[in-house]
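For reference, the structure discussed in these notes is given below.
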Amino acid sequence: SKDAPVRELRGGDARINVLAAFTGADGRALVAAGDGEGVLRLWDLDRSDVPRVLGAHEGNDGQEGHEAHTGQITTLSGFESADGRLLLAVGDATGAIRVWDLATATARHTRSGHQGAVTALAVLTGSRNRQLLATAGDDRTLRLWDPAAFVDAPGPHTRHRDRTQTLVTVTSTEGRPTAVLADRDGIVEVRDAR
């Protein structure tokens with residue numbers, strides 16, 4: 001029937017919380033899914049219906065993997081780094097944020113993310129084409145990070161009135177990096193990311 005799906009992608013039994021679709025450096029269509037158990041799956045739609053799993057919870061020695069998300073994944077964004085690597089930024093319910101290098105399946109992470117769930121994230125281009133990762137959380141803060149040198153300390157942060165539901169970034173005609181946030185009360189704030 002014409003209403004039937006073209007394909008079904010399977011990879012786990014946990015509820016999928018968030019999807020991100022993006023294009024790889026070579027033009028391939030990619031889809032990432034984050035689930036309620038902290039598992040990340042990546043499908044290359046041009047090559048396979050079998051997902052690549054990132055950050056398994058247990059290593060070969062039975063110890064918890066240091067790259068695994070311990071809380072349910074709440075937000076995702078794929079982007080290309082300034083040096084051409086394909087990266088995936090991920091936030092989870094514990095407040096942790098990781099930036100995954102998809103070529104090597106390794107992640108840089110932070111121990112000092114948000115106090116509570118990460119509710120939104122977006123990548124923006126700042127001055128001198130510097131990439132920044134903007135994140136918002138249940139702690140009602142908007143934080144800026146440098147994904148190229150992802151370390152434990154975030155950049156500047158500001159408080160806002162309510163929990164951010166969604167976050168997008170845009171560059172104004174004057175070249176100013178701007179973050180646009182929407183909260184649960186229906187208020188949309190426009191902030192200068194500098």
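The figures here come from the full heavy-atom set of this structure, side chains too, leaving out hydrogens, waters and symmetry mates.
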What closest approach, in Å, do Leu54 and Ala105 show between heavy atoms, and which atom pair accounts for it?
CD2-CB, 3.8 Å
Hydrophobic cluster membership, with links at side-chain heavy-atom distances under 4.5 Å among I/L/V/M/F/W/Y: are Val50 and Leu30 in one?
no
Spatial distance of atom CZ (Phe79) from atom CG (Leu124) [nearest 0.5 Å]:
10.5 Å
Out of the candidates Asp92, Thr135, Thr94, only one should pair with His114 under the side chain to side chain donor-acceptor pair (under 3.5 Å) rule; please name it.
Thr135
Trp43 to Ala33 - nearest heavy-atom pair and separation
CZ3-CB, 3.6 Å
Over all atoms of both residues, closest heavy-atom pair of Ser81 and Leu87
CB-CD1, 3.6 Å
Taking atom CZ of Arg15 and atom CG of Asn17, what is their separation to the nearest 0.5 Å?
4.5 Å
Taking Val90 as the fixed residue, which of Thr74, Leu121, Ile97, Leu76 is the one that meets the side chain to side chain contact (heavy atoms under 4.5 Å, CB included) rule?
Leu76
Is a side-chain N or O of Trp100 found less than 3.5 angstrom from the main chain of Ala107, in a donor-acceptor match?
no
Would you name the heavy atoms of Ala32 and Leu88 that are closest together and state the gap between them?
CB-CD2, 3.9 Å
To the closest 0.5 Å, what do you measure between CG (Leu86) and CG (Leu42)?
8.0 Å
For salt bridge (charged side-chain N to carboxylate O under 4.0 Å, His left out), just list the numbers for Arg85 and Asp101, CA-CA rounded to whole Å, side-chain angles, deciding distance to a tenth of an Å, and then say yes or no.
CA-CA 7 Å; Arg85 290 177 299 130; Asp101 183 326; 3.0 Å; yes
Using atom types as modelled and distance alone, determine if a side-chain donor or acceptor of Thr119 lies under 3.5 Å from a backbone N or O of Ala136.
yes
So which atom in Arg98 and which in Ala96 form the shortest heavy-atom distance, rounded to 0.1 Å?
NH1-CB, 3.4 Å
Rounded distance (nearest 0.5 Å) linking atom CZ of Arg28 with atom CG of Asp46:
7.5 Å
Under 3.5 Å, is there a donor-acceptor pair between the side chain of Gln115 and the main chain of Gly137?
no
Nearest heavy atoms of Glu80 and Gln131, plus distance in Å:
O-NE2, 2.7 Å
Hey, are Asp35 and Arg41 close enough for a salt bridge, meaning a charged N less than 4.0 Å from a carboxylate O?
yes
